[in-house]
Number of protein chains: 2
Amino acid sequence: MPTVSDVAARAGVSTATVSRALNGKPTVDPDLAARVRQAADELGYQPNGPARNLRRQEAAVVALIISDVENPFFTAIARGVEDVAHEVGYSVVLCNSDESVEKENRYLDIAIQERVAGVILSPSGPTSTVAKLASRGTAYVAVDRPLPGQDSDVVLVDTRLAAREATAHLVAQGYERIGCITGPAGVRTADDRLAGYRDALKAARRRTPKLVRRTEYKAAGAHRAALDLLAQSEPPDALLIANSAMAVGVLQALQERGVRAGRDVGLVTFDDAPWAALVDPPLSVVAQPAYEIGAVAARLLLARIADPTRPPTATTLGARLIERASSRR
Amino acid sequence: MPTVSDVAARAGVSTATVSRALNGKPTVDPDLAARVRQAADELGYQPNGPARNLRRQEAAVVALIISDVENPFFTAIARGVEDVAHEVGYSVVLCNSDESVEKENRYLDIAIQERVAGVILSPSGPTSTVAKLASRGTAYVAVDRPLPGQDSDVVLVDTRLAAREATAHLVAQGYERIGCITGPAGVRTADDRLAGYRDALKAARRRTPKLVRRTEYKAAGAHRAALDLLAQSEPPDALLIANSAMAVGVLQALQERGVRAGRDVGLVTFDDAPWAALVDPPLSVVAQPAYEIGAVAARLLLARIADPTRPPTATTLGARLIERASSRR
DNA sequence: TTGAAAGCGCTAACAA
DNA sequence: TTGTTAGCGCTTTCAA
């Protein structure tokens, strides 16, 4: 594998000049620079990243730690981050914490060890160990969920309001016994969606029925929760579901029990998955601006890398309810 | 940020002993090792990855370059790769080439620069530049699609056979004008699925009608293709669709044109997406063993890293047809 | 504008 | 078993 020395020898210059030429420093004679570039090309020279990063004490890499690679909401965030980062020459490495605080912690360690320039993460639980980043001066931004007890940059969605509106919509459609299937306690989006649901019921002067279930943010958990709710003596006639993976589990449960979605049970779910309008009946959803969350987070991170002293900001984006047949009486 | 020297000073030993202790080398006194570990903990020491990798001339990292992060098939592969790699202490960095040969090439350069131990990729086009890896001795494995002109390890699905079976199933169900929407020419899976489709029609002594459309492997392209097919004077009465993203586009098109899936047009699509059984009507699919593809590829990569001289192998996994209502007359 | 040389933090010969 | 020391490949003073 060729090194700067090889390139230098071939171009008949010093390694310092090679470095300067290849990094586009203005203080190098154009002719020499051209000779260096040609030598590098001929040798198929690729700079040694670890050596460069060791010397520079920083890498043009940001780590993106998301809680579920199989969730379209998070992959859309990833697209937003990538597009912004690439524009300014940063690479993005994607890490899947799989909703596990342990894996998240492991990836945070790796991010520190690799001395990445910054980290964007959606915290998997209430006990994230991001404090490590702060104490080392590594820039980071939280997305989707705030970091407990951390005064960091954060990009959120006003998910409580969205949940409230979605629930109010179900009330307005005449549903009587509205249930809610949401994520684990301590995960902020799960708590907020539940709070918004309760806000709406309270505003409608409904007693909050025992129709709330909390489970992991995945299909399997929601499947169990839905079966449980359906087995009640007074089952719900509508459900607010906290993400699209859960919606899959709920729809399966309804199918298995012969309960017709949209007729027997009204549904609104978070996240406008590509398939949401294609199921029977088309799913009413709360569409979150996932791509934009990623793009905004990336811009905040870059700003913080450039100026570590800037005060932390909280950005809250809106979500919008898309009414389809699954919530129309 | 503390370094080995800091730890050494605090533990009262040399940097060499710190390195040995922290890396679990057997030639270090247990008491000393404990003292070193304690000192490291107290300082919150995290090894400097670039320095370590520079010295070791290799990193325990594999790069996984997939052609579409938003496609569940590829994220399932990622899960398989991660699980196997993590077992043996390797990290996985996920790169999204977005079906672009240019981005793929860029990530290959980054992988080389970072001196990763190996690369797993699903080539985005017929003109991949992986040869760079070979010439540098970096291990790599292709998944889903073989590398043109490369004699590398590869993990594939017998997708031609699967397409043939799926098409034969449509024939057996009595569909007369069976169309096919597949990916770009030169992408092996797209070509193979088309070939399998033609195999089946030929075996059934059908004339191959002008009902084939090729487009990018995404919803938008398939949407256009489906509208185009429906506008024919003799539109298809069944379709074989080459992946689940495309299925989304096709189902949208059918909806827009008021064509009832499963009744007016039979459908079989590749990939058993989580939502496939939930649409109306439930989608018949060719289920590919995505997770296993990833797991096998990771094991092959690790084997090749351990022994670069081992002969390349080609693994072909089977797919299975799941018949649901969308293809039943 | 260019070159010589130091040094980033770590690991691995080699010596003791 | 432990310490001393060289050096991985690069960038960046400092000198010329």
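Just so we're on the same page: letters track the sequence lines, and every chain starts at 1.
- Every pair passing ring-ring contact (aromatic ring centres under 6.0 Å, His included) that includes a residue from residues 105-129 of chain B is listed here, sequence neighbours excluded: A:His86-B:Tyr107.
- If you check every strand for non-hydrogen atoms under 4.0 Å, B:Thr27 touches a base.
- Between B:Leu32 and B:Ala51, the residue whose closest nucleotide on DNA chain D is further toward the 5' end is B:Leu32.
- Put simply, CG on B:Leu54 is 12 Å from P on C:dG9, counting in whole angstrom units.
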One pair to check against salt bridge (Lys or Arg N to Asp or Glu O under 4.0 Å): A:Lys132 and A:Asp109. What are the steps and the verdict? CA-CA 8 Å; A:Lys132 287 190 285 200; A:Asp109 281 346; 2.7 Å; yes
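- When heavy atoms are screened at a 4.0 angstrom cut-off, A:Pro47 is found touching the sugar-phosphate backbone but no base atom.
- The stretch residues 2-12 of chain A comes close to DNA chain D through A:Thr3, A:Val4, each having a heavy atom under 4.0 Å from the strand.
- Separating the CZ atom of A:Arg35 from the C1' atom of C:dT2 is a distance of 12 Å, rounded to the nearest angstrom.
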Quiz: residues 288-300 of chain A side-chain donor-acceptor pairs under 3.5 angstrom, not counting sequence neighbours:
residue	atom	partner	partner atom	Å
A:Gln288	OE1	A:Arg193	NH2	3.4
A:Gln288	NE2	A:Asp271	OD1	2.7
A:Tyr291	OH	A:Asp83	OD2	2.4

Tell me, with the steps shown, if B:Glu99 and B:Arg145 meet salt bridge (Lys or Arg N to Asp or Glu O under 4.0 Å). CA-CA 12 Å; B:Glu99 296 284 4; B:Arg145 313 167 185 179; 3.1 Å; yes
Report each atom pair, protein N/O against N/O of nucleotides 12-16 of chain C, whose distance is under 3.5 angstrom.
residue	atom	partner	partner atom	Å
C:dA12	O4'	B:Arg55	NH2	3.2

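- With rounding to whole Å, A:Glu114 atom CD is found 13 Å from C:dC10 atom C1'.
- At the phosphate of C:dA4, neither OP1 nor OP2 sits under 4.0 Å from any side-chain N or O atom of A:Ser14.
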Between side-chain atoms of residues 70-78 of chain A and protein atoms elsewhere (two or more places apart, or another chain), which donor-acceptor pairs fall under 3.5 Å?
residue	atom	partner	partner atom	Å
A:Glu70	OE1	B:Arg79	NH1	3.1
A:Asn71	OD1	A:Phe73	N	2.8
A:Thr75	OG1	A:Pro72	O	3.1

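- With sequence neighbours excluded, the residues satisfying side-chain hydrogen bond (donor to acceptor under 3.5 Å, both in side chains) with A:Lys103 are A:Asp98.
- As a whole-Å value, the separation of B:Gln57 CD from C:dC10 P is 16 Å.
- Counting 5' to 3', DNA chain D first comes under 4.0 angstrom of a heavy atom of chain B and last does so at the ends given by D:dT1 to D:dG9.
- Rounded to an integer number of Å, the gap from CG of A:Asn48 to P of C:dC10 is 17 Å.
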Please test B:Val154 against B:Val143 for side chain to side chain contact (heavy atoms under 4.5 Å, CB included), starting from the C-alpha separation and ending with a verdict. CA-CA 6 Å; B:Val154 58; B:Val143 288; over 6 Å; no
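- Regarding B:Leu43, its CG atom lies at a distance of 14 Å from the P atom of C:dG9, rounded to whole Å.
- Partners of A:Ser100 under the side-chain hydrogen bond (donor to acceptor under 3.5 Å, both in side chains) rule, at least two apart in sequence or in another chain, do not exist in this structure.
- Residues passing the side-chain hydrogen bond (donor to acceptor under 3.5 Å, both in side chains) test with A:Ser5, sequence neighbours excluded: none.
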Criterion side chain to side chain contact (heavy atoms under 4.5 Å, CB included) on B:Leu156 and B:Leu317, from CA distance to verdict: CA-CA 6 Å; B:Leu156 303 173; B:Leu317 304 175; over 6 Å; no
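- Residue pairs that meet the side chain to side chain donor-acceptor pair (under 3.5 Å) test with at least one member in residues 301-317 of chain A, sequence neighbours left out, are A:Asp153-A:Arg304, A:Asp153-A:Thr313, A:Asp307-A:Thr309.
- Fit an axis to the five pairs at each end of the helix from C:dT1-D:dA16 to C:dA16-D:dT1 and the two axes sit 40° apart, to the nearest 10 degrees.
- Checking the phosphate oxygens (OP1, OP2) of C:dC10, no side-chain nitrogen or oxygen of B:Asn53 falls inside 4.0 Å.
- One interatomic measurement links the two molecules: CD of A:Glu58 to C1' of C:dC8, which rounds to 14 Å at whole-angstrom precision.
- At least one side-chain heavy atom of A:Val13 sits under 4.5 Å from a side-chain heavy atom of A:Leu32.
- Among residues at least two apart or in separate chains, salt bridge (charged side-chain N to carboxylate O under 4.0 Å, His left out) pairs with a member in residues 42-55 of chain A are A:Arg10-A:Glu42.
- Within the 4.5 Å cutoff, the side chain of B:Thr27 has heavy atoms near those of the B:Arg20 side chain.
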